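As the structure is a prediction and not an experimental result, all values here were calculated from the model. When a ligand or atom number is given, it counts from 1 through the structure's own listing order. Residue indices begin at 1 and follow the sequence shown. For the numbers below, each heavy atom of this structure counts, side chains included, while hydrogens, waters and symmetry mates do not.
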Amino acid sequence: MEKLEKLLDREQFEKIKALNNPELHEFLAEWIEWLEPDKVFVCTDSPEDEAYVKWKALYYGEEKMLETPNHTVHYDNYYDQARDKANTKLLVPGGKAIPFLNTKDRDEGLREIRELMKGVMKGKELFVCFFVLGPRNSVFTIPAVQLTDSAYVAHSEFILYRKGYEEFKRLGRNARFFRFVHSEGELDDRKTSKNLDKRRIYIDLLDETVYSVNTQYGGNTIGLKKLAFRLTIQRAVREGWLSEHMFLMRVNGPDGRKTYFTGAYPSMCGKTSTAMISWENIVGDDLSFIVPVNGVARGANVEKGVFGIIQGVNPEDDPIIWEILHSPVEIIFSNVLVKDGKPYWNEMGVPIPDEGENHSGKWWRGKKDAEGNEIPPSHKNARFTVSLEHFPNVDMEALENPCGVEVGGMIFGGRDKDTWPPVREAFNWRHGIVTMGAALESETTAATLGKEGVRAFNPMAILDFMSVPLGEYLRNYLDFEKKLRKAPKIFAVNYFLRDENGNWLNHKLDKGVWLKWMELRVHGDVGAIETPIGYIPKYADLARLFKEVLDKEYTREEYEKQFTIRVPELLAKIERIETIYREKVGEVPEELFQVLEEERKRLLEARERYGDYISPFALEGK
Ligand SMILES: Nc1nc2c(ncn2[C@@H]2O[C@H](COP(=O)(O)OP(=O)(O)OP(=O)(O)O)[C@@H](O)[C@H]2O)c(=O)[nH]1
Ligand SMILES: O=C([O-])CC(=O)C(=O)O
Ligand SMILES: [Mn+2]
């Protein structure tokens with residue numbers, strides 16, 4: 001406390017003193033001294049403190065005002081537009097290698113990051129902020145403290161997370177809190193991080209602390225989002241619950257029935273766009289906690305806002321978010337094109353100006369980057385940051401309920417051009433967890449730095465964030481069912497099937513139909529066709545739902561093409577997945593191999609009878 005008293009001015013010191021937590025005090029004293037900021041501001045939960053941070057984002061030039069009130073734009077460095085997987089490392093004692101995880105020796109990593117951060121905030125202002133993950137004062141709540149010299153990062157967190165200063169006060173010494181230390185490092189003229197060669201994101205699993213330096217992109221810096229996620233996965237596996245890369249939404253069934261679904265798809269594969277479907281209700285779009293409470297799987301949104309992909313948002317497919325993006329509610333646009341104070345983005349369905357400012361600086365159509373690639377108006381991973389309270393279809397009760405909501409179904413999906421049908425239901429929990437969750441593969445996207453469109457193993461859409469050995473994670477998942485009286489139903493979707501010419505087999509809004517079908521299945525309201533890989537919808541049910549939901553005629557030909565069971569592709573996939581688990585992952589529950597083997601057997605038998613490509617009509621009624 002003596003140290004803090006010296007480091008902080010009176011007013012800021014009083015705010016810290018009011019929190020009775022020696023562990024927190026020690027952490028703050030140590031790091032404030034080490035970072036050497038010129039100035040420190042401590043945020044309480046007051047609207048004034050939040051307003052101060054917003055103002056500072058403008059004052060320091062990290063955000064600029066747009067024409068619409070409460071709208072601002074932020075730019076990240078041209079080469080800092082996505083998550084940096086290569087420089088994101090888990091610090092573990094001895095640097096123990098864990099398959100598929102990027103680990104580094106803890107002592108060495110801490111030494112390196114401390115070196116990079118020594119005095120890094122000279123001449124800058126440090127913001128100390130308090131938030132919670134999950135609803136406050138609930139079984140889901142995890143408090144966290146964020147240190148950052150980026151007012152943009154702090155501002156984003158005020159939009160995305162529930163304030164936590166009062167919660168720290170309430171919990172006192174009992175707060176088991178996460179810590180995040182971030183510095184954007186030196187900035188260039190455009191106020192973007194300059195020293196990208198020294199960009200590092202190091203996750204200390206032992207101390208539940210994450211360090212991030214020389215980067216601004218949200219996925220690398222917003223502590224409570226993907227940085228905290230590594231820590232919550234570890235806690236969940238230790239404590240027997242689930243922390244997942246999943247949306248949480250309400251699907252409205254017949255006669256006012258409300259059924260809640262979670263959905264795990266890799267980054268940029270449709271979580272947000274599914275959760276935002278205008279006639280259903282959004283609870284969360286990216287991160288969910290699922291906890292067993294009295295034998296029921298109860299889900300909650302970890303966040304209270306959306307850091308969503310803006311590319312492709314257009315008035316027809318996304319009327320709700322389009323409306324929000326054009327209303328004067330608080331929004332940060334990042335890495336979009338701005339001309340005369342108005343934001344523009346790729347595929348927005350309206351004409352875009354031929355010049356302006358974007359993530360590359362001054363931009364004109366045809367401009368090329370240093371590598372000779374033409375620069376589009378906005379970056380593919382350009383995003384908007386907005387609170388869920390502004391969504392007309394938010395389910396506020398579900399969002400704020402300290403008990404969460406009962407999860408009726410859990411969905412897994414990815415970018416898969418040729419293997420999985422658009423929707424299917426697992427035979428049971430283990431079948432779904434293994435063949436849909438643990439076997440998930442998806443093509444890589446612009447959400448991470450590196451090559452796009454490469455099919456990659458991505459169990460539960462969570463691999464980028466995994467922080468424990470995969471085998472332990474899957475064991476926890478398989479055991480989770482034993483804690484429940486009735487397990488949620490498991491489904492798999494694929495929005496990204498293509499024909500021989502590379503054309504999509506489905507429209508973006510078709511997912512609305514799959515959701516209605518899954519809702520009916522959770523309650524046993526419709527029958528289904530048993531296939532070797534699970535239950536698929538009957539044509540008649542889908543034709544009716546297409547008419548009801550989208551007012552579209554759904555033809556038998558479309559159905560047959562989409563729902564054909566593609567045996568060679570499915571068998572090849574089992575082969576790939578089995579090899580990965582046996583040879584690369586190691587130490588996984590034996591059950592996983594049994595379930596894959598059963599699926600292979602069913603596929604081989606079906607091939608004997610029906611051939612390589614099996615029409616759903618051939619299986620109906622069998
Ligand atoms: N072809 C096709 N593309 C889709 C569909 N749904 C979403 N997309 C595309 O997927 C991308 C959007 O994915 P989001 O829903 O924003 O991604 P997300 O899963 O929330 O990703 P993160 O925020 O990175 O975790 C956009 O490029 C969309 O155009 C679909 O049904 N069909
Ligand atoms: O964290 C981010 O950069 C955004 C996101 O949701 C993801 O990549 O899954
Ligand atoms: Mn995500």
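Heavy-atom distances between Gly308 and ligand 1 stay at or above 4.0 Å for every pair. For Glu347, the heavy-atom gap to ligand 1 stays at 4.0 angstrom or more. The closest approach between a heavy atom of Met268 and any atom of ligand 2 is not below 4.0 Å. The closest approach between a heavy atom of Ser267 and any atom of ligand 1 is below 4.0 Å. At least one heavy atom of Pro266 sits closer than 4.0 Å to an atom of ligand 1.
When non-hydrogen atoms are compared, ligand 2 lies under 4.0 Å from the side chain of Lys225 (C-beta onward) but not from its backbone. Counting heavy atoms under 4.0 Å from ligand 1, residue Met246 does not touch it at all. Here Tyr495 has heavy atoms under 4.0 Å from ligand 1 in both its backbone and its side chain.
Scanning all protein heavy atoms for the shortest distance to atom 6 (N) of ligand 1 gives Lys511 NZ, 2.9 Å. Nearest non-hydrogen protein atom to atom 3 (O) of ligand 2 is Tyr217 OH, 2.5 Å. In this structure, atom 20 (O) of ligand 1 lies nearest to the protein heavy atom Thr272 OG1, 2.5 Å. Here the heavy atom of the protein found nearest to atom 26 (C) of ligand 1 is Gln311 O, 4.4 Å. In this structure, atom 5 (C) of ligand 2 lies nearest to the protein heavy atom Lys226 NZ, 3.1 Å. Looking from atom 10 (O) of ligand 1 to the surrounding protein, the closest heavy atom is Arg415 NH2, 3.3 Å.
The side chain to side chain donor-acceptor pair (under 3.5 Å) with Tyr161 is formed by just one residue from the set Glu303, Lys304, Lys225; it is Glu303. The one candidate from Ile324, Ile332, Val306 that meets the side chain to side chain contact (heavy atoms under 4.5 Å, CB included) condition with Phe384 is Val306. Among the candidates Phe127, Phe130, Phe131, the single residue satisfying the ring-ring contact (aromatic ring centres under 6.0 Å, His included) test with Phe158 is Phe131. Of the candidates Asp395, Val407, Val251, Asp395 is the only one forming a side chain to side chain contact (heavy atoms under 4.5 Å, CB included) with Tyr260.
Counting heavy atoms only, Phe496 comes closest to atom 4 (C) of ligand 1 of the residues Phe496, Tyr265, Phe247, Trp504. Between Lys225, Lys226, Met268, it is Met268 that holds the heavy atom closest to atom 12 (C) of ligand 1.
Atoms of ligand 1 found under 4.0 Å from any heavy atom of Arg383, numbered from 1 in the order shown, are 22 (P), 23 (O), 24 (O). Interface atoms of ligand 1 facing Ser273, defined by a heavy-atom separation under 4.0 Å, are 6 (N), 7 (C), 15 (O). In summary, the atoms of ligand 1 found under 4.0 Å from a heavy atom of Cys269, numbered by their order in the structure, are 13 (O), 17 (O), 19 (O). Atom numbering of ligand 1 starts at 1 in the shown order; those under 4.0 Å from a heavy atom of His245 are 25 (O). Less than 4.0 angstrom separates some heavy atom of Asp286 from each of these atoms of ligand 1: 25 (O).
Here Glu560 does not pair with Arg556 in a salt bridge; the nearest charged N to carboxylate O distance is not below 4.0 Å. A salt bridge does not link Arg498 to Asp418: none of the charged side-chain nitrogens sits closer than 4.0 Å to a carboxylate oxygen. We find that Lys89 and Asp84 are not joined by a salt bridge, their nearest charged nitrogen and carboxylate oxygen being 4.0 Å or further apart. Look at Lys380 and Glu452 and you find a salt bridge, because one of the NZ, NE, NH1 or NH2 atoms lies within 4.0 Å of a carboxylate O, short of that distance. Contact check on Lys516 versus Glu280 returns a salt bridge, with a Lys/Arg side-chain nitrogen under 4.0 Å from an Asp/Glu carboxylate oxygen.
A donor-acceptor contact under 3.5 angstrom links the side chains of Tyr495 and Thr274, judged on distance only. Asn346 and Gln311 share a side-chain donor-acceptor pair at under 3.5 Å. Side-chain atoms of His245 and Asp286 include a donor-acceptor pair closer than 3.5 Å.
At a 3.5 angstrom cut-off on N or O pairs, His507 does not count as close to ligand 1. By the 3.5 Å distance cut-off applied to N or O atoms, Thr274 is not counted among the residues near ligand 1. Below 3.5 Å of separation, one finds an N or O of Gly270 facing an N or O of ligand 1. In terms of polar-atom proximity, Ser267 is counted as a contact of ligand 2, with an N or O under 3.5 Å from an N or O of the ligand. Remark: ligand 1 and Lys271 share an N or O pair separated by less than 3.5 Å (distance only, no angle test).
Look at Lys271 and the Mn ion (ligand 3): no N/O/S atom of the residue is under 2.8 Å from the metal.
Classified by interplanar angle (parallel below 30°, tilted 30° to 60°, perpendicular above 60°), the ring pair Phe247/Tyr265 is perpendicular.
The Mn ion (ligand 3) lies closest to atom OD1 when only the N/O/S atoms of Asp286 are considered.
Around the Mn ion (ligand 3), the angle linking His245 (NE2) with Lys226 (NZ) is 100°, rounded to 10 degrees.
Separation of the Tyr211 and Tyr202 ring centroids does not fall under the 6.0 Å cut-off.
In this structure, CZ on Arg566 lies 10.0 Å from CD1 on Ile533, to the nearest 0.5 angstrom.
In this structure, Lys64 places its NZ atom where only 12 or fewer heavy-atom neighbours from other residues, nucleotides or ligands lie under 6.0 Å away.
The cationic atom of Arg383 (NZ for Lys, CZ for Arg) lies less than 6.0 Å from the six-membered ring centre of Phe307 and within 45° of the ring axis.
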